[in-house]
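Notes follow once the structure below has been shown.
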Number of protein chains: 2
Amino acid sequence: MDLTARTADQLGEALRRARKARGWTQSDISARTNLRVATISSLENGGAGTKLATVMAIMAVLKLEFRLVTRGSSVDIEDIF
Amino acid sequence: MDLTARTADQLGEALRRARKARGWTQSDISARTNLRVATISSLENGGAGTKLATVMAIMAVLKLEFRLVTRGSSVDIEDIF
DNA sequence: GCTCCTTTTGCGGTGTAGCGCAAATCGGAG
DNA sequence: CTCCGATTTGCGCTACACCGCAAAAGGAGC
């Protein structure tokens, strides 16, 4: 399960996979975030215009966080120590 | 240099650090993205309303990518099993 | 085929990001 | 303290996310 993203498209797809990995529907996320199902759908399909707040709200209920890594390096040096 | 973020605030701060680590000014980013300096400033200061496209554009010039990890664990659970 | 759940798409309305442009404030170097 | 580049803030404007509500389209199972 690769949850790495360089584009809004990839981020949307990663969030969709993380959601499904938890066995949740868009409706489940909607209930926990007060976001419309349509908004979640839009983001998962690569909505680059989506607000950062929307992304963070969804990540919060999925218990996810971002790690910014340099493109190309699979692991941050700091992660090892 | 911890580039992990759970909130828009932390993401903004992480982007600022990544930018400075490259020795760039907001103006440098602006020139490479067609975003206003003011927009970049707003994002770095935690603008949750910022559009995802804005974040991705900045990350692109900084050669960064997202990695979605489960909150609290330094390694993604799925990576182990 | 049909049914049920999930996801996507659409419309009118409201709020706000990002724009150009500008001014104000901050911060380090001398 | 004085410069001067970097960052932040403000105004009027346009564009669009997100809302509620609804309907249409997908997809799995019977």
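Naming: A, B, ... by sequence-line order, numbering from 1 per chain.
Residue T50(B) is in sugar-phosphate contact alone, with no base atom involved, counting any heavy-atom pair closer than 4.0 Å across all strands shown. Within 4.0 Å of T54(B), counting heavy atoms only, lie sugar-phosphate atoms of the nucleic acid but no base atom. I40(A) comes within 4.0 angstrom of nothing in the nucleic acid, heavy atoms only. D28(B) comes within 4.0 angstrom of nothing in the nucleic acid, heavy atoms only.
Distance, R17(B) CZ to dT7(D) C1': 18 Å, rounded to whole Å. One interatomic measurement links the two molecules: CD of E13(A) to P of dT7(C), which rounds to 13 Å at whole-angstrom precision. E44(B) has its CD atom 18 Å from the P atom of dC26(C), to the nearest Å. When the P atom of dC5(C) is taken as reference, atom NZ of K20(A) falls 17 Å away, rounded to whole Å. Summarising the geometry, the separation between CG on L43(A) and C1' on dT9(C) is reported as 16 Å, rounded to the nearest angstrom. Rounded to an integer number of Å, the gap from K51(B) NZ to dA15(D) C1' is 7 Å. Going from atom CD1 of I29(A) over to atom C1' of dC18(D) covers 17 Å, rounded to whole Å.
Between S41(B) and dT8(D), a side-chain N or O to OP1/OP2 separation shorter than 4.0 Å is present. Applying the 4.0 Å criterion to OP1 and OP2 of dC19(C), one finds that T39(B) has a side-chain N or O inside that range. Close to dT8(D), at under 4.0 Å from its OP1 or OP2, lies a side-chain N or O of Q26(B). Checking the phosphate oxygens (OP1, OP2) of dT8(C), a side-chain nitrogen or oxygen of R16(A) falls inside 4.0 Å.
The nearest heavy atom of DNA chain D to R36(B) and to W24(B) marks one nucleotide each, and the one closer to the 5' end goes with W24(B). Residue-to-nucleotide proximity on DNA chain D shows that, of T25(B) and A38(B), the 5′-proximal contact is made by T25(B).
Within the 4.5 Å cutoff, the side chain of L35(A) has no heavy atoms near those of the L43(A) side chain. The closest side-chain heavy-atom distance from L15(B) to I40(B) is not below 4.5 Å.
The side chain of N45(A) lies closest to dT8(C) when the candidates are dG18(C), dT8(C), dT7(D). Among the nucleotides dC19(D), dT8(C), dT8(D), the one closest to any side-chain atom of V37(B) is dT8(D). Closest to the L35(A) side chain, of the nucleotides dT7(C), dT8(D), dC19(D), is dC19(D).
Distance check, rounded to the nearest 0.5 Å: CD of Q10(B) to CD of E65(A) gives 8.0 Å.
For R17(A) (side chain) and L3(A) (main-chain N/O), no donor-acceptor pair under 3.5 Å exists by modelled atom type. Proximity of a side-chain donor or acceptor of T70(B) to a complementary backbone N or O of L64(A) within less than 3.5 Å is not detected.
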